[in-house]
*Asks:* 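Below: one structure in structure tokens.
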Amino acid sequence: MTFRHCVAVDLGASSGRVMLATWDKNQRTLSLREMHRFVNTLQKQDGFDTWDIDALEAEIRTGLNNVCSAGILIDSIGIDTWGVDYVLLDKRGERVGLPVSYRDSRTDGVMMRAVEQLGMANIYGRSGIQFLPFNTLYQLRALVEQQPELVDKVAHALLIPDYFSYRLTGNMNWEYTNATTTQLVNINSDSWDRDLMNWTGASPGWFGTPTHPGNVIGQWMCPQGNAIPVVAVASHDTASAVIASPLADKDAAYLSSGTWSLMGFESKTPYTSDAALAANITNEGGAEGRYRVLKNIMGLWLLQRVLKEQNVTDLPQLIADTEKLAACTFLINPNDDRFINPAHMSAEIQAACFEAGYAVPSSPAELARCIFDSLALLYADVLSELASLRGKPFSQLHIVGGGCQNRLLNQLCADACGITVVAGPVEASTLGNIGIQLMTLDELSNVDEFRSVVAANHSLTTFTPNPCHEIARYRRPFQQKRLTKELCA
């Protein structure tokens, strides 16, 4: 076939989209067309911060129906979402309990108890996954302790993208790249770790064997009566984004920039040394047996909340106003747990600045400046940690995802990190989702071939570091209260 039409359902923590990709095999062109876009927000239900799963499913079906109504014959569908969250089902496949968000406070203190009872080195040696208080390991323990009445009703636990695939096909699947985000997959066996699972109190029977991306889960019957394959893509959105990152060489690093920022590099082997544990580095699963050696950074979630609280609708103008302000006047640690889901993000940022002895931002532009500078300095710290871990520097940094459109943040990142930054593509997670579908359809052979297609079909923007920019004169170890200023030579 000359043309293939693949649909990517790409759900983030703040928005979702249904995208149609058209692949021209003869011309080797890949184009995207947005068929439906919608908002995803947390909602309070029975005291929990939850996802409106039913509304999200309705939006997915609306997008798919839009494609079919346009008379387009779909060759395949793939779904990617954020990680760690899950949906519980009973023996009939009906939901049990609420789809609680990772930003809910129910896991407060659970991670520390896990470390005390199981040992940090033991957990890390088994999973190779970064310690984050909302990992599924701790969510399940919180569920069992706080809602024991639900446990006996549960027959299956599906991660979010697997749940939506189940709703489309009636078949259950546990996709590997997303499964690894749970901190419950054994890094040596690529299957669920029995000791970690037993600690949660959840039944191992809730989970099926993890499968690597590229298998067909089942068929979705479109309204026109066509049976369309639903492919298990790299269903963690960052895993898909990395697949679409046009890495220049084996020494290139990536930064998937969105609600979260995820900075790392690809490796055929995981990094689970004492140094990796000390740096809290994660080894999430990727395509083709590659590991995503990376670190989670709070990302543009901070800005998204500030924009909403400050009633800012003109982001380009805000960024222009922000650029006029002096760098490094207002600074925070973006990865502080206080920013996971505060009642009021602006006030939390202001309090953090005050407590650390920095000037307190008041205007939207000052709050944005605080966020951008703090993220750029944290990017520099993390990139340095990753380079030290692998024993050699990086050649350049590729920024993909929605955040790569922020030219100010891209330049600040280049300046702070002292490395060339290449920005693009924007729709990286969607493209990576499509890439696995095309490989499953035997249109492309591997990830490297797909990356060459991405590079040929999408414009990339290069940012050259300025070593004498003000932000480049700072180094920020977060364990210290104040920054140490280093003047350019």
Side-chain angles (χ1 to χ4, degrees), residues 83 121 123-132 135 175-191 193 210 212-214 233-257 260-297 379-401 417 419 421-422 428-429 432 435-436 439 445-452 454:
I123 297 171
Y124 192 71
R126 291 176 178 277
S127 67
I129 295 298
Q130 179 179 359
F131 286 85
L132 294 168
N135 287 346
E175 192 276 318
Y176 167 74
T177 68
N178 212 358
T180 62
T181 70
T182 64
Q183 208 174 12
L184 285 164
V185 172
N186 187 288
I187 198 166
N188 298 309
S189 69
D190 284 355
S191 191
D193 185 280
H212 285 260
V233 297
S235 66
H236 185 221
D237 51 10
T238 305
S240 279
V242 171
I243 288 170
S245 299
L247 303 179
D249 54 56
K250 60 183 177 60
D251 291 323
Y254 59 79
L255 172 60
S256 179
S257 179
W260 285 88
S261 293
L262 300 106
M263 178 181 281
F265 62 95
E266 279 191 327
S267 174
K268 287 289 188 180
T269 57
Y271 284 72
T272 56
S273 64
D274 290 344
L277 171 58
N280 205 17
I281 299 299
T282 202
N283 296 270
E284 294 174 352
E288 301 178 348
R290 311 180 196 203
Y291 290 92
R292 294 174 285 137
V293 184
L294 60 85
K295 197 164 187 175
N296 286 269
I297 301 166
Y379 293 160
D381 279 355
V382 173
L383 194 69
S384 178
E385 284 181 332
L386 293 169
S388 177
L389 186 65
R390 68 196 292 269
K392 54 182 175 178
F394 293 101
S395 58
Q396 58 185 220
L397 176 65
H398 290 258
I399 302 183
V400 299
C417 295
I419 193 171
V421 165
V422 180
S429 53
I436 292 295
M439 294 174 216
S445 57
N446 54 44
V447 169
D448 290 336
E449 183 184 7
F450 177 66
R451 284 177 176 159
S452 68
V454 172

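The residues of the chain are indexed from 1 along the displayed sequence.
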*Asks:* How many angstroms lie between OG in S261 and NZ in K295, if you round to the nearest 0.5 Å?
*Replies:* 13.0 Å

*Asks:* Using modelled atom types and a 3.5 Å cut-off, is there a donor and acceptor pairing between side-chain atoms of Q183 and backbone atoms of N135?
*Replies:* no

*Asks:* Return the CH2 to CG distance between W260 and L132, rounded to the nearest 0.5 Å.
*Replies:* 6.0 Å

*Asks:* Of all heavy-atom pairs between G432 and A244, which one has the smallest distance, and what is that distance?
*Replies:* N-CB, 3.6 Å

*Asks:* Under a 3.5 Å distance rule, please check whether S245 uses its side chain to pair with a backbone N or O of L247 as donor and acceptor.
*Replies:* no

*Asks:* Return the set of residues passing salt bridge (charged side-chain N to carboxylate O under 4.0 Å, His left out) with K268 (not counting sequence neighbours), or none when no residue passes.
*Replies:* none

*Asks:* What's the spacing between E284 CD and Y176 OH if we round to 0.5 Å?
*Replies:* 10.0 Å

*Asks:* Taking R451 first and then E288, would you say they form a salt bridge - that is, a charged N and a carboxylate O separated by under 4.0 Å?
*Replies:* no

*Asks:* How close do I436 and A234 get, heavy atom to heavy atom, and via which atoms?
*Replies:* CG1-N, 4.1 Å

*Asks:* Hey, which of L294, V293, L386 is the one that makes side-chain contact (heavy atoms from CB on, under 4.5 Å) with M263?
*Replies:* L386

*Asks:* Tell me if the CG atom of D249 is crowded by more than 12 foreign heavy atoms within 6.0 Å.
*Replies:* yes

*Asks:* Which heavy atom of M439 sits nearest to which heavy atom of F450, and what is that distance?
*Replies:* CE-CB, 3.9 Å

*Asks:* Please evaluate residues R290 and V447 with respect to the criterion side chain to side chain contact (heavy atoms under 4.5 Å, CB included), reporting the C-alpha separation (whole Å), side-chain torsions for both, the decisive distance (0.1 Å), and the verdict.
*Replies:* CA-CA 10 Å; R290 311 180 196 203; V447 169; 3.9 Å; yes

*Asks:* Could you check if a side-chain atom of V233 sits within less than 4.5 angstrom of a side-chain atom of P213, using non-hydrogen atoms only?
*Replies:* no

*Asks:* How long is the straight-line distance from CZ of R292 back to CG of N283, given to the nearest 0.5 Å?
*Replies:* 10.5 Å

*Asks:* Is there a side chain to side chain contact (heavy atoms under 4.5 Å, CB included) between R390 and D251 once you walk through the steps?
*Replies:* CA-CA 10 Å; R390 68 196 292 269; D251 291 323; 2.8 Å; yes

*Asks:* Please confirm whether the backbone N or O of A179 pairs with a side-chain atom of T182, one donor and one acceptor, at under 3.5 Å?
*Replies:* yes

*Asks:* Could you measure the distance from the CD1 atom of I419 to the OG atom of S395? Nearest 0.5 Å is fine.
*Replies:* 6.5 Å

*Asks:* Under 3.5 Å, side chain of T180 to main-chain N/O of T177, donor-acceptor pair present?
*Replies:* yes

*Asks:* Is the shortest heavy-atom distance from the side chain of Y124 to the side chain of D274 under 4.5 Å?
*Replies:* no

*Asks:* Scan side-chain atoms only and decide if N296 and Q130 contain a donor-acceptor pair under the 3.5 Å cut-off.
*Replies:* yes

*Asks:* N188 and N186: which non-hydrogen atoms are nearest, and at how many Å?
*Replies:* N-OD1, 2.8 Å

*Asks:* Counting distance only, does the side-chain N/O of S429 pair as donor-acceptor with the main-chain N or O of A241 below 3.5 Å?
*Replies:* no

*Asks:* To the nearest 0.5 Å, tell me how far L389 CG sits from F265 CZ.
*Replies:* 5.5 Å

*Asks:* Between E449 and S452, which heavy-atom pair has the shortest distance, and what is it?
*Replies:* O-OG, 2.5 Å

*Asks:* Without swapping roles, check the side chain of H398 against the backbone of A248 for a donor-acceptor pair under 3.5 Å.
*Replies:* yes

*Asks:* Is the shortest heavy-atom distance from the side chain of D190 to the side chain of H212 under 4.5 Å?
*Replies:* yes

*Asks:* Applying side-chain hydrogen bond (donor to acceptor under 3.5 Å, both in side chains), can you list everything that pairs with S273, at least two apart in sequence or on another chain?
*Replies:* none

*Asks:* So, for C417 and L383, which heavy atoms are closest and what is the spacing to 0.1 Å?
*Replies:* CB-CD2, 3.9 Å

*Asks:* My understanding is that only residues two or more places apart in sequence, or in another chain, count here; which of them pass ring-ring contact (aromatic ring centres under 6.0 Å, His included) with F131?
*Replies:* none

*Asks:* Is any side-chain heavy atom of L397 closer than 4.5 Å to a side-chain heavy atom of Y379?
*Replies:* no

